[in-house]
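First up is the structure itself, then whatever we jot down about it.
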Amino acid sequence: MNPGEKIGPVLKILEEHYPDAHVTLDFTNPLELLVATVLSAQCTDVRVNKETPAIFKKYPTAAAYAAAPLGELEAAFHPTGFFRQKAKSIQGICRALVENHGGQVPASLEELVKLPGIGRKTANVVLGNAFGIPGITVDTHLGRVAQRLGLTPNQDPVKIEFDLMPLVPQARWTKFSHQMIWHGRRICTAKKPQCPVCPLLPYCDYGQDATKGGH
Ligand code: SF4
C-alpha cells in the first residue's frame with residue numbers, strides 16, 4: 001500500500017483511538033505556549049507544567065523576560081534542565097518580540113521562524129494550538145511513527161513535514177500531530193514498539209515486518 005492509500009485508514013484509526021489528543025503543555029496565551037515549548041526541550045511536559053505557573057506569574061509579558069537579569073531567568077528555568085541555554089534563548093526571543101512585534105507573538109509561520117532559535121516545529125506548535133492555524137509538528141515521536149508506517153522515507157523533520165502536508169487534510173494537521181505524538185509515546189515507542197497490539201498494524205510497513213520476525 002502506498003502512503004496515499006493508507007493515510008485514510010490511518011487517520012480514521014488515530015481518531016478512534018485518540019479522539020481527544022491535545023497539546024500537553026499548559027498555557028493561556030501564545031507567549032506562554034512559546035515559552036513552555038522552549039522549556040520542554042529535553043524535559044517532560046509534566047515537569048514543565050509544574051514550573052510554568054510561577055514562571056508565567058513572574059514574567060507576564062515578553063518585556064518582562066527581555067528585561068530580566070539572565071541569572072534570574074536561569075534560576076527560574078533550572079528545574080527544566082539546560083537552563084543556561086533556555087534562559088538565553090527565551091530572552092533572545094522576547095527581545096525580538098519587543099523590538100519587532102510590539103511584544104506580541106506573531107501569528108505567522110514566516111515571522112515565527114525569524115525569531116532566534118525558533119524552528120518550524122516550535123512555530124507549528126504555537127500556530128496550531130495558540131492561534132488555531134493548522135500545522136504539522138514533526139517532533140521525534142511523529143517522525144518515528146511516520147517513518148515506521150511508511151508515510152515518509154525521510155529522516156529530516158522538515159522533509160517529513162512536507163511529505164505529510166499533501167497527504168493529510170489541512171484541517172487535521174494539528175490534531176493529527178497530537179494523535180501521532182500520543183501514539184509514539186504510548187504504543188510506538190522508540191525502543192519497544194508494541195506492534196502486536198497496535199491498531200495501525202495492518203497499515204504499517206515496520207509492524208508488518210516486525211510481526212513476521214523481521215525486526
Ligand atoms: Fe509502531 Fe508497530 Fe504500530 Fe507500526 S505497528 S505504528 S511500528 S507500534
Side-chain angles (χ1 to χ4, degrees), residues 1-26 33 36-49 80-81 109 119-130 132-215:
M1 235 187 218
N2 66 40
E5 290 167 327
K6 66 173 81 174
I7 191 67
V10 165
L11 288 173
K12 191 163 174 278
I13 292 165
L14 287 172
E15 188 59 27
E16 281 163 9
H17 285 265
Y18 308 106
D20 59 348
H22 56 266
V23 68
T24 45
L25 291 168
D26 296 337
L33 182 56
T37 306
V38 173
L39 293 178
S40 73
Q42 313 289 326
C43 185
T44 65
D45 290 357
V46 173
R47 181 81 223 187
V48 172
N49 289 341
T80 71
L109 185 70
R120 293 182 65 94
K121 184 181 82 172
T122 300
N124 276 322
V125 168
V126 173
L127 283 179
N129 300 286
I133 297 170
I136 296 180
T137 309
V138 184
D139 75 345
T140 176
H141 301 293
L142 188 148
R144 180 179 67 252
V145 178
Q147 282 162 10
R148 286 175 173 171
L149 283 169
L151 297 177
T152 174
N154 288 305
Q155 305 276 336
D156 175 70
V158 176
K159 287 187 180 156
I160 294 174
E161 185 189 340
F162 278 86
D163 287 340
L164 294 173
M165 280 161 63
L167 286 176
V168 179
Q170 192 170 5
R172 280 284 302 271
W173 285 357
T174 305
K175 184 86 175 280
F176 167 78
S177 301
H178 296 314
Q179 290 169 329
M180 291 279 276
I181 292 166
W182 282 31
H183 188 67
R185 283 179 173 154
R186 294 168 185 201
I187 293 182
C188 191
T189 58
K191 288 193 180 146
K192 274 198 173 182
Q194 309 293 313
C195 302
V197 299
C198 176
L200 296 171
L201 177 60
Y203 305 98
C204 181
D205 294 351
Y206 180 103
Q208 290 297 324
D209 199 12
T211 50
K212 283 180 198 139
H215 285 277

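First listed ligand is number 1; within each ligand, the first listed atom is number 1. Not measured: the values here are computed from a predicted model. Numbers here simply count residues along the sequence, with the first being 1.
The nearest heavy-atom contact from the protein to atom 7 (S) of ligand 1 is Y206 CD2, 3.3 Å. C204 SG, 2.3 Å is the protein heavy atom nearest to atom 4 (Fe) of ligand 1. Counting only heavy atoms of the protein, atom 2 (Fe) of ligand 1 lies nearest to C195 SG, 2.3 Å. Protein heavy atom closest to atom 1 (Fe) of ligand 1, with residue, atom name and distance, is C188 SG, 2.4 Å.
Close approach of ligand 1 to L201 is summarised as follows: ligand atoms under 4.0 Å from at least one heavy atom of the residue are 5 (S). Each of the atoms 7 (S) of ligand 1 lies under 4.0 Å from some heavy atom of R148. For ligand 1, the atoms lying closer than 4.0 Å to a non-hydrogen atom of C198 are 3 (Fe), 5 (S), 6 (S), 8 (S).
With N124 contributing its side chain and I136 its backbone, the two residues share a donor-acceptor pair below 3.5 Å.
Less than 6.0 angstrom separates the ring centroid of Y18 from the ring centroid of H183.
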Exercise for the section: Check the pair W182, H141 against ring pair (Phe, Tyr, Trp, His ring centres under 6.0 Å), reporting the backbone distance first and the verdict last. Expected result: CA-CA 8 Å; W182 282 31; H141 301 293; over 10 Å; no
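Using a 4.0 Å cutoff on heavy atoms, H183 counts as a contact of ligand 1.
When each of L200, V168, L149 is paired with M180, the side-chain contact (heavy atoms from CB on, under 4.5 Å) condition holds for L149 and for no other.
Counting heavy atoms from C-beta on, the side chains of L164 and F176 come closer than 4.5 Å. Considering only heavy atoms from C-beta on, Y206 stays 4.5 Å or farther from R144 through its side chain.
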